[in-house]
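Here is the structure we will look at, set down as structure tokens.
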Amino acid sequence: MEEILTILTRASCKTFMKKMTDAPRPDSMTMEDVNSARWLPRIDMLFDSENEAYEFYNTYAENVGFFVRRSTLWTTSKNIITRRTFVCSREGFREKKKGAKEAKCPRPETRIGCPACMTIRLTPNGRYRVTEFVPNHNHQLAAASTIHMLRAKKLRRKARAVRADLVDDTVRTPEFETEDEAYEFYSMYAGRIGFSIRRASMTMSAENVITRRMFVCSREGFREKKKGAKRVKKPRPETRTGCPACMIIRLTPSGKYHVTEFVTYHNHPLAVPSSTDLVMSDSVENGQDDESDMADGSADDTVHKQAQSHQSSSLLSLDSKNYLRSKRVKSIQVGDAGATLEYLQKMQDDNPSFFYAVQVDEDDNMTNFFWADAKSMMDFNYFGDAVCFDTTYKIYGYGRPFALFIGVNHHKQVAIFGAALLYDESAESFKWLFETFKAAMSGRQPRTVLTDRDAAMCEAIAAVWPGTSHRFCVWHICQNAVEQLSQAFHGSRTLGYDFSRCLFDFEDEEEFLVAWKAMLEKYDLQDNQWLAKLFDEREKWALVYGRETFYADIKSVQQKENLSTGLKKYLSPERELLSFFEHYERMLDERRCAELQADANASLSTKKPPSIRMLRQAANAYTPAAFKMFEREFELYMDCMLYSCGETGTISNYRVTVEEKAKDHFVKFDSLDGTVTCTCKKFEFIGIQCRHVLKVLDTRNIKELPPQYILKRWRKDAKAGFLSDNGPFSFDSDPQSSLSKRYNYLCRIFSIAAARAAKSVESYAFIESQSAMLMDQVDQVLQARPSEMPALITTSCDRSQNPVESVVTGSLRYDKANQASFIGGAANGTLTFPFTLTASPPDYC
């Protein structure tokens, strides 16, 4: 990937090239300065190769203000260059061709017989010696204000040379009637692959007819550095990487445009499938998110009806899971139960993968509701290691008891895993809720759950989610403090700041205890009962405790945004509940659009790769948000001091100190398998390696972070892979319940597969061609004896098509109005899936 960039940008690999690049410019130099410079070409200078001499003279010319070219040469019978002359680009005169017609707009005359040159000869020891050097020119040299144009021309020449080697002659392209038609073709191709394009250079005739046009990747070239421009605090992201991908057309005598060059190579990552639709436009249409535009069910009618009846009975039957053995605590506003059911049933009709459940009390009154769509369930599969159960409605009194299951995605954005309306807050209700959440997430439970300080929740989580670490959410504690310490907050402007520091800022126990004690004394809160009880439970919420519990840095995300406050006014009893559901869906769309945009930005790698090897590795792997966390640790490790504490077998022990920190940290490194641990537990807590470990790795000359310490949940490809990667789904022994669960789980799997396959004609054709074979094999499995099943579950497929050819053959129907293609549904009930034209081809397993 970096090879092309190296070819385009390097001047030479020799040390003296850097000195020449840093040399003063012509406007600040006199000719005496030039003549006395150490890097000025001199007679008897030696070079290891002809290319090295050319690069030397080329860079000298760039600094002085002219352009060079290779001129005459002498070679041996074995094509070894024995003599070469490098000349100014304005040497000689343009040759006049006999019989040539006089052009209406002749090219400017650039050759004026400039005598400047440098000649080298091969010596007996195999090196080249300068035998002639003429520094004088008969024309004005380029000034400092135009020297950058000279470099740009040089880069363009190199780019053309590189592009000539990358032209793909195997690509078949049509002829085009107009230049716009060629642009539309290349734009469609780019959208299918995963990049955006722009029009570049063109040549026009005297009649203003385009005779040549070049279409390039939007990341072609490099951003021009303007001299004298002020340095801005937040510069625009760097998007140009010198990408050589392009398509060049020329006008033929027949009046049509023919493709003369087609380069398919890119020197940057292409957009990932989830963000390709953002490459061609700056916004995403509301209501469309990747892999979550699921379709209506198309399974066998009998199975569908059975599953629906089993599901209905599982939702509203008086069994042990959905039956509350008491009356609900809060009353439901008139019309709310019907509005909620109407919304939930509509969502499941639109999307069979939508999950919802209802709990009833002893009087058969609907009490609690839970729901999650397919995208939420997929997000939990990728980022469900740390979940926060947000019950902010208790604090602010929203009017309706709305709660959210949220987490943090790989961009450090809030991800919504599910939602609930809780009209009863007993331990039995919370047990039902957490069991239902686990069932919706295919039997998986989070590693860590953060909740409010509620005894009923604690009891329910301990009973339903054994093995999950339960912590109190510091954000909820901070919000509760505003109510519990309202008088103290009103009486002091600094209490809020000091209290927040105790909650969020300290990672060392001693520092936390000192700060807490100082806060109580400063504001005379030693006798406050709420704070005393909170301190007694500090091991459940203080960040200095439970460092081995994975948090995914969720507390910093909650400090920036709180979803519940945006929904507060829509939960007011004065508003209809349906308006809340509409706003909730809009909020989901906005969140998912933001995630798609972040995916696109991450895949486009807008920043210049760092020069340090480990930082470059992290920048390529991590999302920008995760890389920012790692980059901070990397910068801080420079201030760490390392002391060896001896070795025990293959384990080396180190003590790492920081000047301003009183507490030392101890790191263990196992040379046998490369594992490393630190007492600060930052990696276990957030998933990003700490500065102390980085110091040890650097001391041991390990210049790349071991792969096991780059968590996939923080990677750009965190969502790569299939839903079932984390293990199979477990079913109950109850046949009716298992049938319903199997049906729902398969609906979810095939809906996701359909959403992915609909992104390109090739993947759609592949799935369509295999569907009949799959149904036949399913029928055989159902009819066969168990001993015959393994032999039946075999299938082979081989179908691929060049993305350029798929556009050429017309297999894609292009709609100019909305820039989308559609796969039509058949009359026999075949599913119809909309997809975005700009989606890149999927990866075949």
With a 4.5 Å limit on heavy-atom distance, are the side chains of Phe262 and Tyr186 in contact?
yes
Does any non-hydrogen side-chain atom of Met214 lie less than 4.5 Å from one of Glu261?
no
Considering residues, nucleotides and ligands other than Arg632, do more than 12 of their heavy atoms fall under 6.0 Å from its CZ?
no
Minimum heavy-atom separation for Ala182 and Met247, please, with both atom names.
O-CE, 3.6 Å
Measuring from Thr110:OG1 to Phe67:CZ, what's the distance to the nearest 0.5 Å?
12.0 Å
Could you go through residues 688-695 and list every donor-acceptor pair under 3.5 Å that involves a side-chain atom there, pairing it with any protein atom two or more places apart or in another chain?
| residue | atom | partner | partner atom | Å |
| --- | --- | --- | --- | --- |
| Arg691 | NE | Glu633 | OE1 | 3.1 |
| Arg691 | NH2 | Glu633 | OE2 | 3.3 |
| Lys695 | NZ | Cys640 | O | 3.2 |

Does atom CD of Gln140 have more than 12 heavy-atom neighbours from other groups under 6.0 Å away?
no
I'd like to know if the side chain of Tyr257 and the backbone of Arg213 have a donor-acceptor N/O pair within less than 3.5 Å.
no
Just checking Glu95: does its CD atom have more than 12 heavy atoms from other residues, nucleotides or ligands closer to it than 6.0 angstrom?
no
Is there a donor-acceptor pair closer than 3.5 Å between any side-chain N or O of Asn208 and the backbone N or O of Met204?
no
Would you confirm whether Lys716, through its side chain, and Ala619, through its main-chain N or O, come within 3.5 Å as a donor-acceptor pair?
yes
Scan residues 617-626 for pairs that pass salt bridge (charged side-chain N to carboxylate O under 4.0 Å, His left out), counting only residues two or more places apart or in two chains.
none
Can Asp180 and Thr178 be said to form a side-chain hydrogen bond (donor to acceptor under 3.5 Å, both in side chains), step by step?
CA-CA 5 Å; Asp180 288 335; Thr178 64; 5.3 Å; no
Roughly how far, to the nearest 0.5 Å, is the CD atom of Glu631 from the CG atom of Leu636?
10.5 Å
Is it true that a side-chain atom of Thr211 and a backbone atom of Leu251 form a donor plus acceptor pair closer than 3.5 Å?
no
Would you say the side-chain atoms of Asn51 and Ser49 include a donor-acceptor pair closer than 3.5 Å?
no
Do Arg129 side-chain atoms and Ile120 backbone N/O form a donor-acceptor pair below 3.5 Å?
no
Other residues, nucleotides, ligands: >12 heavy atoms within 6.0 Å of Lys703 NZ
yes
What is the distance from atom CZ of Arg90 to atom CG of Asn138, rounded to the nearest 0.5 Å?
8.0 Å
If you compare all heavy atoms of Ser218 against all heavy atoms of Arg198, which two are closest, and at what distance to 0.1 Å?
O-NE, 3.7 Å
Enumerate the salt bridge (charged side-chain N to carboxylate O under 4.0 Å, His left out) contacts for residues 240-257, please, sequence neighbours excluded, ordered by first and then second residue.
Glu177-Lys256
Heavy-atom donor-acceptor pair, Thr623 side chain to His410 backbone, under 3.5 Å:
yes
Check: Ile81 main-chain N/O paired with Tyr128 side-chain donor or acceptor under 3.5 Å:
yes
Looking only at heavy atoms, what is the nearest atom pair of Val87 and Tyr57, with distance?
N-CE2, 4.5 Å
Hey, does the Lys NZ or Arg CZ of Arg70 hover above the aromatic six-ring of Tyr54, less than 6.0 Å from the centre and inside 45° of the axis?
yes
